[in-house]
Participant: 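Take this structure, written in C-alpha cells, and hold onto it; I'll ask about it next.
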Amino acid sequence: MEKFYVTTAIDYVNATPHIGHAYEKIAADIVARYYRMRGKDVFFMTGVDEHGSKVEKSAQDAGKSPKEFCDEMADKFKTAWEKLNLSYDHFIRTTDDYHEKAVQTLFLKLLEKGDIYKGTYTGLYCEGCEDFVRERDLDDSGNCPNHKRPPKKLEEENYFFRLTKYKDRIRTWLDTHPNAVRPEGRKKEILNQLVDPELADFSVTRSRKSLTWGIPVPGKEDQVIYVWIDALSNYITGAGYPHDPERFARYWPADLHLIGKDINKFHSIFWPALLMAADIEVPRQVFAHGFITVNGQKLSKSLGNVIDPISLVNNYGADAVRFYLFAGTPFDNDGDFSLKDFIEKVNAELANNLGNLLNRVLKLVTDHCGAVVPNCDPEHTLRSQANEIHVVVQKHMEALEFAKALEAIFALSDQANKYFNDEKPWALFKQEKRKEGEEVLFTCLEVLRRIAMNLYPFTPQLANDIWHQLGYTDDVGVIGDKKDDDFFDMIRPGMKINQTGPVFKRLELAAEDAVSAAV
C-alpha cells in the first residue's frame, strides 16, 4: 500500500491553542482523511514544542515546574484537537524520552561529521521568533515586525551549524524539484534568501546560563540544544528515527510539511540542510500557508486578538468551524475571521443548500416510497456531472486548493437543488407518475451520496450523518472506509433510509460571545 506522511508545525505550549493553530491542524486532517479515502497508508502527525525560554517563563508565571506546565498545556492542545475531530496518528511532545534521545543522537552525528562547530555570536535576538534578526528588518520603532517588541542584544559562545556548506545543494534541490516548496511565491522568497550573504551559519545551542529548559548537549552540560535541531527533528523522531527503523523506513520522507508562512525559512532552508548533513532524505513538499487574521492582524496573545477554537466548537460545532475556515479563502492567502460572515456562510451552504435538499428528498422517499431507496437505475445528466465534479475535486485537493474543492462540491449541490425544483417529484407522484417521481428521487439520493463522500474530509460528522440518513448502516460500510473507486458505485435500491431530522441546524449567534474580537 502506498504511504502518505503529513505533518503540521508543532506549537509552543507557552499559551493555549487559538484558531490559527487550529487552522493548520484541520488542514492536515483534511489531507489525511482525503488520502485515506484514496486508499493510502496515511501517517498524520502533530504535536507540541515544549522547550525554550518562553515556555520556561510561562511556567514560572504559572507557579509550576516546566514539566508540570507542559503536561497541563499538552492536554489542552489534545482536548482542542479532539473537539475539532482531528484524526492524527501520533501526537509528539518534545519532552518525550525517545525524542530527546534522538535529538542528542542527531546532534552528535553532525558534530562528529564537522557540520557543527563551536563559535561566538553577537546579534539582535527576538525571543518571540527565537531567532536572531537584522537591524534593517526591524520596524520604524525598532521592534520585531512579527511580535511588536524590541529584540535583545545577545552575545554567547555556543555551537553552530554549517548552513553555508549546504546552500548550493538546497538551491539545486529547489531547482530540480518544482513542487518542493509551495506556493510558488514562497519558493521564490526562499531562493532570494539563499543568495543573501547575510544568510549564514546558525546557532544550534544556547548557554545554560540563558536557557535551562531544554535538551542538554551530551558531555557539554553548559550547553542546551536549541530549537532548530530540537523542534525541527520532530518530523523524523516521531516517524521512528532512530528508535523504530521499520516505521521510519515506511513513512519517511514526509510527503507534506504544512507550516505557516512565517517559519518558511526554517523549514525550507534550515531543515533540508540539517537532513542533508545527516544523510537523510529531504521532505517531498513544504507548503507555507497563509494566516487566519483578525482585523488584518496575525493572531497573537500579546496583541489580545486570539480566538478560542474550543469556545467556537462548543457554540457552533466542529463541522461549522472546519467548513468555514476553508470555504472562503485560498489556503496560500490570509483569511480574515468574521463571526457574522461565519454564521451567514455556514447557514447558507450547510443548512440551506445541502441540508434542505437532503431533508426534502428524504421526506418524499418516506411519504411515497415507504422510506426505501427506489429500485431504478436511470441514466441521468446530473450523475454524469457528479462524475466530472469528482475529478475536479480530486485535482483541487491534490493541489491543496481547498476553497476551490468546496466550491465544486457545493456547485453540485446547487445543481441537484435546481433539478429537484425543476422536476417537482411531489407533483409527479400526485399525477400518479410514480416511475418518473422515483427516478428523480433516486438521482437526488445518488448525488447526495457522492456529495457526502467528497465532503467527508472537511466535515466528517456531517458527512457521516448524511451517509446514515441515506440508509448506510455501519454493517453496510462507514463513509470513512470508502475508497475512491466507491464513488462511482450507485446507491443501493431497497436500503431503508433513516431520516432523523435536520442534518444540520441553522446557527444562531451564541449568547456567550466567545469571539467578540472577530465581530
Side-chain angles (χ1 to χ4, degrees), residues 1-11 21-48 77-78 80-93 96 179-180 182 234-241 244-259 267 280-287 289 318-319 322-323 325-326 331 390 393-402 405-406 409 452-464 467 474 477-487:
M1 183 187 297
E2 187 180 358
K3 66 89 179 178
F4 191 92
Y5 177 23
V6 56
T7 74
T8 72
I10 54 175
D11 300 312
H21 299 127
Y23 181 59
E24 180 176 285
K25 308 311 178 282
I26 297 169
D29 187 65
I30 290 168
V31 170
R33 290 178 184 273
Y34 173 76
Y35 280 109
R36 288 190 192 110
M37 291 187 77
R38 299 280 293 165
K40 294 192 177 184
D41 174 15
V42 171
F43 186 59
F44 164 25
M45 191 176 76
T46 190
V48 286
F77 276 86
K78 287 182 177 179
W81 304 159
E82 182 180 353
K83 286 270 188 181
L84 284 162
N85 205 359
L86 301 191
S87 61
Y88 58 81
D89 299 287
H90 184 59
F91 187 94
I92 188 170
R93 299 177 57 183
D96 288 336
N179 292 320
R182 291 183 56 227
N234 90 89
Y235 303 123
I236 55 174
T237 66
Y241 175 87
D244 189 345
E246 183 177 342
R247 183 168 72 171
F248 188 64
R250 173 66 186 149
Y251 290 112
W252 192 261
D255 295 273
L256 179 63
H257 285 326
L258 290 179
I259 61 161
H267 284 78
I280 298 172
E281 192 174 349
V282 296
R284 290 175 178 162
Q285 185 176 109
V286 176
F287 192 100
H289 60 78
D319 281 333
R322 291 172 63 110
F323 168 78
L325 288 177
F326 294 93
F331 191 43
H390 180 64
V393 169
Q394 177 180 326
K395 174 186 173 184
H396 290 318
M397 291 296 286
E398 291 178 356
L400 304 184
E401 295 171 342
F402 302 125
L406 284 168
I409 294 167
M453 288 188 68
N454 272 324
L455 199 56
Y456 169 76
F458 296 95
T459 58
Q461 186 58 55
L462 172 61
N464 269 311
W467 193 251
D474 288 347
V478 178
I479 191 170
D481 294 335
K482 298 289 103 177
K483 304 307 178 196
D484 188 62
D485 289 345
D486 296 325
F487 181 87

Participant: Quick check on K3: does its NZ atom have over 12 non-hydrogen neighbours (other residues, nucleotides or ligands) under 6.0 Å away?
Facilitator: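 For K3, atom NZ is crowded (more than 12 foreign heavy atoms under 6.0 Å).
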Participant: Evaluate the criterion side chain to side chain contact (heavy atoms under 4.5 Å, CB included) for residue pair L400 and Q285; output intermediate values, then yes/no.
Facilitator: CA-CA 12 Å; L400 304 184; Q285 185 176 109; 4.2 Å; yes
Participant: For the residue pair T46 and F91, establish whether any side-chain heavy-atom pair is separated by less than 4.5 Å.
Facilitator: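 Yes, at least one pair of side-chain atoms sits under 4.5 Å.
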Participant: What I'd like to find out is whether the side chain of F43 reaches to under 4.5 Å of the side chain of R250, using heavy atoms alone.
Facilitator: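 Sidechains of R250 and F43: no contact.
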Participant: On a heavy-atom basis, which atom in A254 and which in H257 lie closest, and how many Å separate them?
Facilitator: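 So the two residues come closest at CB-CE1, 3.6 Å.
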Participant: Is there a side-chain contact between L325 and F402 in this structure, where contact means two heavy atoms from C-beta onward sitting under 4.5 Å apart?
Facilitator: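 Side chain of L325 against side chain of F402, heavy atoms only: no contact under 4.5 Å found.
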Participant: Run M397 and F458 through side chain to side chain contact (heavy atoms under 4.5 Å, CB included) and show every step you take.
Facilitator: CA-CA 11 Å; M397 291 296 286; F458 296 95; 3.5 Å; yes
Participant: Mind listing the closest non-hydrogen atom pair of T8 and E24 along with its distance?
Facilitator: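 Heavy atoms only, the tightest pair is CB-OE2, 3.5 Å.
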Participant: Can you name the nearest heavy-atom pair linking I280 to I236, along with the distance?
Facilitator: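 Here I280 and I236 meet closest at CD1-CD1, 4.0 Å.
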Participant: Would you check if the side chain of Y5 reaches a backbone N or O of Y235 as a donor-acceptor pair within less than 3.5 Å?
Facilitator: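 Checking the backbone N and O of Y235 against the side chain of Y5, a donor-acceptor pair under 3.5 Å is found.
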Participant: For the residue pair I479 and M37, what are the closest heavy atoms and their distance?
Facilitator: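 Nearest heavy atoms, I479 then M37: O-CE, 3.7 Å.
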Participant: Can you tell me how far apart CZ (F326) and CD1 (I30) are? Round to the nearest 0.5 Å.
Facilitator: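 Reported to 0.5 Å precision, the distance equals 4.5 Å.
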Participant: State plainly whether the residues K25 and D29 are in salt-bridge range, i.e. N to O under 4.0 Å.
Facilitator: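 No salt bridge links K25 with D29.
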Participant: Taking only Lys NZ, Arg NE, NH1 and NH2, and the carboxylate oxygens of Asp or Glu, determine whether K40 and D255 approach each other closer than 4.0 Å.
Facilitator: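 No salt bridge links K40 with D255.
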Participant: Mind listing the closest non-hydrogen atom pair of P253 and V282 along with its distance?
Facilitator: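 Scanning both residues completely, I find the closest heavy atoms to be CB-O, 3.4 Å.
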Participant: Take W81 and H21 through the test side chain to side chain contact (heavy atoms under 4.5 Å, CB included) and record every step on the way to the result.
Facilitator: CA-CA 10 Å; W81 304 159; H21 299 127; 3.7 Å; yes
Participant: Checking R182 side chain against A399 main chain: does a donor-acceptor pair fall under 3.5 Å?
Facilitator: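 Checking the backbone N and O of A399 against the side chain of R182, a donor-acceptor pair under 3.5 Å is found.
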Participant: Side-chain contact, heavy-atom cut-off 4.5 Å: R38 with Q394?
Facilitator: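 In contact.
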Participant: Please verify the inter-ring angle class for H289 with F331; under 30° counts as parallel, over 60° as perpendicular, anything in between as tilted.
Facilitator: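 Rings of H289 and F331: parallel, under 30°.
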Participant: Which of parallel (below 30°), tilted (30 to 60°) and perpendicular (above 60°) describes W252 and F248?
Facilitator: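 Geometry flag for F248 against W252: parallel rings.
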Participant: Hey, is the main chain of F44 close enough, under 3.5 Å, to the side chain of D89 for a donor-acceptor pair?
Facilitator: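 Yes; at least one donor-acceptor contact below 3.5 Å.
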Participant: Keeping the roles fixed (side chain from N454, backbone from I409), state whether a donor-acceptor pair exists under 3.5 Å.
Facilitator: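 Pair absent, no side-chain N/O of N454 close to backbone of I409.
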Participant: Measure the spacing between CZ of R33 and CG of N85 and express it to the nearest 0.5 Å.
Facilitator: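 Between atom CZ of R33 and atom CG of N85 there are 5.0 Å.
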Participant: Compute the ring centroids of Y34 and Y456, then answer whether they are less than 6.0 Å apart.
Facilitator: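 Judged by ring-centre distance (under 6.0 Å), Y34 and Y456 do not meet the cut-off.
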Participant: Shortest non-hydrogen contact from F323 to T459?
Facilitator: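 Result for this residue pair: CB-CG2, 3.8 Å.
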Participant: Treating R322 as the side-chain partner and L84 as the backbone partner, does any N or O pair qualify as donor plus acceptor under 3.5 Å?
Facilitator: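 Yes.
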Participant: Test your reading of the model: is there a side-chain donor-acceptor pair from R247 to the backbone of G238, 3.5 Å cut-off?
Facilitator: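 Such a contact is found between R247 side chain and G238 backbone.
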Participant: Kindly say whether A318 contributes a backbone atom to a donor-acceptor pair with the side chain of Q461 at under 3.5 angstrom?
Facilitator: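 No.
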Participant: Got a second to check how far L86's CG is from K78's NZ, nearest 0.5 Å?
Facilitator: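 If I round to the nearest 0.5 Å, the distance is 13.0 Å.
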Participant: More than 12 heavy atoms of other residues, nucleotides or ligands under 6.0 Å from CD of E398: yes or no?
Facilitator: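 Counting other residues, nucleotides and ligands, CD of E398 exceeds 12 neighbours.
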Participant: I'd like to check R284 versus N179 (side-chain heavy atoms, cut-off strictly below 4.5 Å). Are they in contact?
Facilitator: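 When only atoms from C-beta onward are counted, N179 and R284 do not touch, as no gap falls below 4.5 Å.
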Participant: How long is the gap from OH on Y251 to OG1 on T7, to the nearest 0.5 Å?
Facilitator: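 Here the interatomic distance stands at 14.5 Å.
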